[in-house]
Amino acid sequence: MSTQHLPGQPHFAYRGDELFAEELGLAELARAHGTPLFVYSKAAMLSALRAYQRGFAGRDAQICYAMKANSSLGVLQVFAQAGCGFDIVSGGELERVLAAGGDARKVIFSGVGKTRSEMQRALAAGIGCFNVESEAELEVLSQVAQDMHLQAPVSIRVNPNVDPKTHPYISTGLKGNKFGIAHERTLATYQRAANLPGLTVVGIDCHIGSQITQEAPYLDAMDRVLDLVESIEAAGIPIKHLDFGGGLGIDYNGDTPPAADTLWAHLLEKLDARGFGTRKLMIEPGRSLVGNAGVCLTEVLYLKPGEQKNFCIVDAAMNDLPRPAMYQAFHQIVPVSGPAPDQPALEWEVVGPVCESGDWIGHDRMLQVQAGNLLAVMSAGAYCMSMASNYNTRGRAAEVLVDGAKAHLIRERETPVDQMRGEKLA
Ligand code: LLP
C-alpha cells in the first residue's frame, strides 16, 4: 500500500486512502472516541523537541516548553519525561506542571499580570525564575518574597523593539506592545532589581512574537539583548542566563520557517562571536513543539450548497478551533478516508454549528465530501485545545495521544454536567 506524507507533517500520512497518525488509522480513533477529537502524535512532539536538542548539543541550555500552546496533562507529561522545563503564565499552569510530574526548578514564570497569590505559590514551589515585565511587578515580587523569608530569582523581560513580521495580535516585542521593559529603561530597572531585598537577579529574557518564519528578527533581537547584557554587567550586575523566548513558526500552508537546529546554529554563531557562547541559555518554544503534532477530527454533519457559497457544516467549531475566527488563520482541511466516491469536487466554506458568522474553519476549500465523512483539520496541536471554550454550551473535545500503535485517551469529552459544576441556582 502506498504511503503519502502530508507536507510538513511527517507523522501523519495516508496509507492508501486512509489517514494515519503514526501506526493508527484516524477513522478508527474517531469511531472509538467520537468527534470532534484532537489526536496528537507523541513521536511528532519528540522529533520537534529533538531538533532543538540537536541545535543545543554541547551547550548549557534549558528548553522550557511554553505550555500555553497546549496545556493538556498528557502533553505536558511527554515533555516532562523528556526533561523539559516549562514556561508558565499563571498559577493554574503551575498546578498543571506539578500534576504532570514536571520539575518546579525548571519552571519560568512569564506574564505581565502575576498576582500576589500566584507569586506566593510559585515561590513556595521553588520555581527557577520569574520573568518580570514591569518595575511595579519587581516591587511587589520583592515584598512577597521578603514576607516569606525567601529570595525570588528574577530575569527582566526586555522589549527589544524588533518587528517579528507576523500577525499584529501575536507580535510582542514592539514598542507599542504591553510586554516587557523598554530597551532604554532596562539598565535602570536592573539596578532597581539588584537593590531590592527580596530579589536575586539571575537572567535576562525577551520574546518578540509568535509564528515567526524569518531568522532576521531573532538575530536583531539577540544583538539588542546582548548589548544590554554588556551594559548591565558593566554596571556590576552579573547575568547568569540568557532567555530568548519562543516564537518559531510552523508550516501551516507552505510557510517556510527555519528548522530549529538551523536557526540555533546561526544564533549560536552570533553568541560565540560576541563571547557569550558558554552562557546558560533558555528558550520558551510553544507552537513549534506541538503545532504540527496534532489534528482535529471532525464529521461532516450537513452539506448546504447555495447560490453564493456552498456550506459544509462540520461538528467542530470556533469554540474548538478558535484560530481562524481570531487571527484569520489557515489550517489545512483534508479527508480522513479519501475523497467521497460519486461526489463532485466543489469549493466549500467549512463552518461549525456555533451561532456566529465568524464561526468558520476554512474558506473556499476544494473538497469531495458528503454528510457523514470525516475531515482532519491539520496543524491543530497548538493554541486550539488550550484556547477552546464552552461557547454555545458546547463541551470541549476529547483528546487522544498516539504513541506508535497505542492510543491513550488523555482527556475525556466534556459533558454538560462537567460544564455546570460549580454553578448554582439563586
Ligand atoms: N514565551 C512567551 C513569553 C510567550 O508569550 C509565548 C507566546 C511563548 C513563549 C511561546 O511562543 P510560541 O513558541 O508558541 O510562538 N494564540 C496565538 C499565539 C499566541 C502566542 C502567545 N505567546 C496563535 O494561536 O497564533
Side-chain angles (χ1 to χ4, degrees), residues 45 48-49 51-52 55 62-71 75 79 84-90 93 107-114 129-134 137 155-160 164-174 177-181 203-214 217-218 221 225 242-253 255 257-260 263-264 281-294 296 318 320-331 361 377-389:
M45 292 179 203
L49 176 62
Y52 282 102
Q62 176 66 58
I63 299 167
C64 293
Y65 166 51
M67 61 179 284
K68 63 171 79 68
N70 187 321
S71 51
V75 171
F79 291 109
C84 284
F86 295 90
D87 171 52
I88 65 167
V89 289
S90 72
E93 288 196 339
V107 167
I108 52 185
F109 194 167
S110 302
V112 295
K114 304 173 193 78
C129 187
F130 289 84
N131 287 352
V132 174
E133 302 224 17
S134 65
E137 184 192 338
S155 150
I156 291 174
R157 175 170 178 182
V158 301
N159 185 335
K165 306 217 162 24
T166 182
H167 191 285
Y169 284 12
I170 50 180
S171 288
T172 49
L174 278 168
N177 296 128
K178 70 179 174 183
F179 300 101
I181 302 270
I204 190 165
D205 80 285
C206 81
H207 170 80
I208 54 175
S210 199
Q211 186 53 18
I212 301 170
T213 55
Q214 300 173 22
Y218 276 106
V225 169
L242 312 174
D243 174 347
F244 291 103
L248 181 57
I250 61 169
D251 178 6
Y252 284 103
N253 185 26
D255 308 288
L263 171 68
W264 273 98
L281 300 174
M282 315 261 263
I283 51 161
E284 309 164 0
R287 185 191 322 263
S288 52
L289 291 179
V290 291
N292 271 337
C296 180
M318 65 188 291
D320 307 295
L321 296 162
R323 304 192 66 257
M326 279 187 81
Y327 320 108
Q328 299 81 46
F330 183 98
H331 288 259
I361 313 285
V377 180
M378 306 304 292
S379 311
Y383 302 112
C384 292
M385 181 50 110
S386 61
M387 292 174 68
S389 78

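Only this structure's heavy atoms are used, side chains among them; waters, hydrogens and symmetry mates stay out. These figures come from a predicted structure and were not determined experimentally. Order of listing sets the numbers, starting from 1, for every ligand and every atom in it.
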Practice prompt. Using distance alone, decide if ligand 1 has a nitrogen or oxygen within less than 3.5 Å of any nitrogen or oxygen in Ser110.
Written response: no
Worksheet item: Do any nitrogen or oxygen atoms of Gly286 lie less than 3.5 angstrom from nitrogen or oxygen atoms of ligand 1?
Response: yes
Worksheet item: Between Arg157 and Asp243, is there a side-chain N and carboxylate O pair less than 4.0 Å apart?
Response: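 Salt bridge flag = no for Asp243 with Arg157.
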Any atoms of ligand 1 less than 4.0 Å from a non-hydrogen atom of [X]? List them with their elements.
| X | result |
| --- | --- |
| Gly246 | 9 (C), 13 (O) |
| Pro285 | 13 (O) |
| Ala66 | 8 (C), 9 (C), 10 (C) |
| Asp87 | 1 (N), 2 (C), 9 (C) |
| Met387 | 16 (N) |

Worksheet item: How does His207 reach ligand 1, by side chain, by backbone, by both or by neither, if only non-hydrogen atoms under 4.0 Å count?
Response: side chain
Worksheet item: ligand 1 versus Phe179, non-hydrogen atoms closer than 4.0 Å: side chain, backbone, both, neither?
Response: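 Looking at Phe179 and ligand 1, no heavy atom falls under 4.0 Å.
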Worksheet entry | Gly247 touching ligand 1 at heavy-atom level, < 4.0 angstrom |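 Under 4.0 Å: yes for Gly247.
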Item to complete: Determine, step by step, whether Lys114 and Glu137 satisfy the salt bridge (Lys or Arg N to Asp or Glu O under 4.0 Å) criterion, reporting the C-alpha distance in whole Å, the side-chain angles of both residues, the deciding distance to 0.1 Å, and the verdict.
Response: CA-CA 8 Å; Lys114 304 173 193 78; Glu137 184 192 338; 2.6 Å; yes
Heavy-atom pair of closest approach, residues [X] and [Y]:
| X | Y | value |
| --- | --- | --- |
| Asn70 | Tyr65 | O-OH, 2.7 Å |
| Phe179 | Glu133 | CA-OE1, 3.5 Å |
| His331 | Val377 | CB-CG1, 3.6 Å |

Response to the item:
One should read off an interatomic distance between Met387 CE and Leu321 CG, to the nearest 0.5 angstrom, of 11.0 Å
Discussion item. To the closest 0.5 Å, what do you measure between OH (Tyr383) and CZ (Arg323)?
Written reply: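 Taking OH in Tyr383 and CZ in Arg323, the distance rounds to 9.0 Å.
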Worksheet entry | Proximity winner for atom 21 (C) of ligand 1, if only heavy atoms of Lys68, Met67, Arg157, Glu284 are counted |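 Among Lys68, Met67, Arg157, Glu284, the closest heavy atom to atom 21 (C) of ligand 1 belongs to Lys68.
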Worksheet item: Do the side chain of Ser386 and the main chain of Ser71 share a donor and acceptor less than 3.5 angstrom apart?
Response: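 Checked: no pair found.
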